[in-house]
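Okay, so here's the structure we're looking at.
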Amino acid sequence: ENAKYDKITDRLLWSQITLQPGQEVSYGFGVQLTNPSPLNARGATNTTSYDCHISSYFGETTNIKLACPTPKVLERMLSVWPASYVLALSWLMFVINIVLYTKVYVSSKEHEQVLKTIRRKHG
């Protein structure tokens, strides 16, 4: 028999059957994956969604690791850090940007002064 997918429970369901002594029955199913794996963020209600792993339970648990694109690797790294580390990293990046902006601004003003001096001497 074919399985039915229950959207409410998010499971495959087969009809209940009664086996006689010595009787065997086999069930199977196939899965088609998207390629490449989506870059969606982890779901708020299902933290294992889009985590670069496929896990299934069909009599036993099977876990398959997928190739994870760089944005997902960074997302996973940041999700395991305490919020204080992420906040500290954000502040560090902010300070580095301010320092670099200031350096470029000062260099551009110095460049303008040099050009004015050259124009006065040769102008």
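All values reported here derive from a predicted model rather than from experimental measurement.
- The distance from atom CD of E112 to atom OG of S107, rounded to the nearest 0.5 Å, is 11.5 Å.
- Summarising the local packing, OH of Y105 is surrounded by 12 or fewer heavy atoms from other residues, nucleotides or ligands at distances under 6.0 Å.
- With sequence neighbours left out, E110 forms a salt bridge (charged side-chain N to carboxylate O under 4.0 Å, His left out) with no residue at all.
- Y101 and V106 fall into different hydrophobic clusters, where Ile, Leu, Val, Met, Phe, Trp and Tyr are joined by side-chain heavy atoms under 4.5 Å apart, directly or via other members.
- For the side-chain contact (heavy atoms from CB on, under 4.5 Å) test with T102, the passing option among V99, I98, V104, L100 is I98; the others fail.
- L13 and I17 are members of different hydrophobic clusters when ILVMFWY side chains are connected at heavy-atom separations under 4.5 Å.
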